[in-house]
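Order of appearance sets the numbers: ligands from 1, and atoms from 1 within every ligand. If you're wondering where the values come from, they're calculated on a predicted model, not measured in any experiment. FYI, the numbering just counts along the sequence from 1.
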Amino acid sequence: MKTDLQTRHGGKILADALAAQGVKIAFGVPGESYLPVLDGLYDLRDRLRFIVCRQEGGASYMAEAQGKLTGEPGVLFVTRGPGASNGAIGVHTGFQDSTPMVVFIGQVPNEFAEREAFQEIDYRRMYGQMAKWVAQIDRVERIPEYVSRAFHTAVAGRPGPVVLALPEDALYAEAAVADLARHHVVRPAPSPSALHELQSLLEKAQRPFVLLGGGGWDRPTCERLQRWIEANGLPAGTSFRCQDLFDNRSECYAGDVGIGINPELAQRVKDADVLLVVGARLGEMTSGGYTLVEAPQPKQALVHVHAGAEELGRVYRPALAINSGMAQFVEALETLAFDKPAWRAESRALHENYLAWSKPRPIPGELQYGEIVQWLAQRLPEDAIVAGGAGNFAGWLHRHFRYKGFRTQLGSTNGSMGYGFPAALAAKLVHPDRTVLGLCGDGDFLMTGQEFATAVPYDAPFVTLVVNNGLYGTIRMHQEREYPGRVYGTGLKNPDFAAYARAFGGHGETVSRTAEFAPAFERALASGKPALIELRIDPDAITPATTLSAIRDRALRSKQ
Ligand SMILES: Cc1ncc(C[n+]2csc(CCOP(=O)(O)OP(=O)(O)O)c2C)c(N)n1
Ligand SMILES: [Mg+2]
């Protein structure tokens, strides 16, 4: 950290400010708009890796995944208008996922401002709804101040993205200014009276349910909470795409409360007398479209614990609102103990129900995708990271995989396609020692598949599965349900995916039968390269539980 007040150009001040914040990796696509930053990063190249990507969508997903994995802000650099436009997808993901991020965008020099100069956009308006704070650093000497505030803001309360625009003149200008030390992370803790109220609510509860979700967690906190839940015999579930907050093998785990929820679990959430929601916002996907937990007045006694004070009472009127960080809440919770044999018996029954529900059933065709997911859950090391994108193919992962610990799952709760591949790549770059698996659909993969050209040169060996049904399957499913037989705009003609991987210098395999998968997976892993396995699945196998033809037939019958 520089305190001897040497004169530096803005790009160097910015790069040094990032190093002072503890940043070790950043993602981006270069632009002439921020050349001084690249020059500043050049000097730090041994301790701050700038990962150069092929499209800002991929880069922004990588920065988001890094933030999600580590809890430290993921850092992204994109150029003006075009780069900012491509990069928006990962920022939206970060916003809905409560992921800390700091995004830097090139901006026209101040002397040209407001003329709609080359690639000029007002980022405050563009990003206003998907960032916690958007600002522009107009003066070189204030760069450390803005960067420090950006990092504080990204991690505070409900974490999220911050966007800083960098006018070119402020980057080329020079100043003698001191760096600021690393940001603080400040978390509220529950008050004694809130804890007392929680104790009396739970003491009276016959059918409590704990739901974990959202951001701001860490591994020790998850493990401690799990031990407390197990010690007290409460049933617990996880919110949409937050299945790794609780070991799915625990006898208290009841399943995930998200898309394609186990109907018995859905009913149980509705029937809870006390619903203890820790960290989750209870969004549309987790609340079953606001039916499992009704807005604004839930039927259950809702205890809502959230690190962002503004999230409490925002959608639901809780019986008890607790503004707390996750670790601080768990620490307080550990002072409470309950002796309720009935809770434990019911938790076990719910877990048995989850085990039965999550067993793969046969699907049409020779590739039993559910069995493959089940095999992977056993084959992968406990700390392996599984990154999934959006589409029906992810439904098998949600239902049949067993997550075993914190941040073994990376997913986009905003349901944005193209996430799995770059998120897996970021995971491998951040944790080179861990096994990483990407799971993509055929539509999903090609939204960011060009990042194969990032994975190969950065030597990131991980395996990606591309589930090929020749369809934008999710949309086809909804189309057949709403307008049966009137198929339009939902078919795909695909390339040879294995050849695509090989063209980039990766390893490629194609699998059409269940038994071919395990040897192909072992070869892919052993290749030591970024690897892709195309899984050719019967297009009729549209979800783990039903077929496209059954959906169409049912819809046709109901319209007769
Ligand atoms: C960026 C983005 N664009 C469009 C959509 C709408 N969408 C949701 S799922 C889906 C189809 C996914 O197709 P694929 O990846 O092949 O998976 P499948 O459903 O066939 O398993 C689409 C187009 C979206 N969620 N995200
Ligand atoms: Mg598909």
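Applying the 4.0 Å criterion to heavy atoms of Asp444 picks out, from ligand 1, the atoms 14 (P), 15 (O). Residue Gly473 approaches ligand 1 through these ligand atoms, each under 4.0 Å from one of its heavy atoms: 13 (O), 18 (P), 19 (O), 20 (O).
Residue Thr474 touches ligand 1 through backbone and side chain together, judged by heavy-atom distances below 4.0 Å. With a heavy-atom cut-off of 4.0 Å, Ile475 touches ligand 1 through its side chain alone.
At least one N or O atom of Phe393, backbone or side chain, sits closer than 3.5 Å to an N or O atom of ligand 1. For ligand 1, the polar-atom distance check against Asn469 finds a nitrogen or oxygen pair separated by under 3.5 Å. In terms of N/O distances under 3.5 Å, ligand 1 is not approached by Ile89.
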Could you give me the CA-CA distance, side-chain angles and deciding distance for Phe27 and Phe77, then say whether ring-ring contact (aromatic ring centres under 6.0 Å, His included) is met? CA-CA 6 Å; Phe27 302 87; Phe77 282 96; over 10 Å; no
Does the pair Arg249 and Glu382 meet the rule for a salt bridge (charged side-chain N to carboxylate O under 4.0 Å, His left out), with working shown? CA-CA 11 Å; Arg249 299 165 301 180; Glu382 291 223 345; 2.9 Å; yes
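Using cut-offs of 30° and 60° for the angle between ring planes, the His306 and His304 rings count as perpendicular. Under the 30°/60° scheme for interplanar angles, the aromatic rings of Phe421 and Phe452 are found to lie parallel.
Considering only non-hydrogen protein atoms, atom 5 (C) of ligand 1 sits nearest to Met417 SD, 3.5 Å. Counting only heavy atoms of the protein, atom 25 (N) of ligand 1 lies nearest to Gly415 O, 2.8 Å. For atom 16 (O) of ligand 1, the nearest non-hydrogen atom of the protein is Asp442 OD1, 2.5 Å. Among all non-hydrogen protein atoms, the one lying nearest atom 14 (P) of ligand 1 is Gly443 N, 3.6 Å.
Val467 does not count as a contact of ligand 1, since none of its heavy atoms falls under 4.0 Å from the ligand.
The Mg ion (ligand 2) has an N, O or S atom of Asn469 closer than 2.8 Å. For Gly473, every N, O or S atom stays at 2.8 Å or more from the Mg ion (ligand 2).
For Arg54, the CZ atom counts as loosely surrounded, since its 6.0 Å shell holds 12 or fewer non-hydrogen atoms of other residues, nucleotides or ligands. Atom CD of Glu310 has more than 12 heavy atoms from other residues, nucleotides or ligands within 6.0 Å. By the 6.0 Å contact criterion, CD on Glu522 is enclosed, its count of non-hydrogen atoms from other residues, nucleotides or ligands being greater than 12.
Between Arg523 and Glu509, at least one side-chain N (NZ, or NE/NH1/NH2) sits under 4.0 Å from a carboxylate O, which counts as a salt bridge.
For Gln136 and Gln107, the side-chain atoms include at least one donor-acceptor pair closer than 3.5 Å. For the residue pair Tyr253 / Thr238, a side-chain donor-acceptor distance below 3.5 Å is found, with atom types taken as modelled.
Within Asp442, the N, O or S atom lying nearest to the Mg ion (ligand 2) carries the name OD1.
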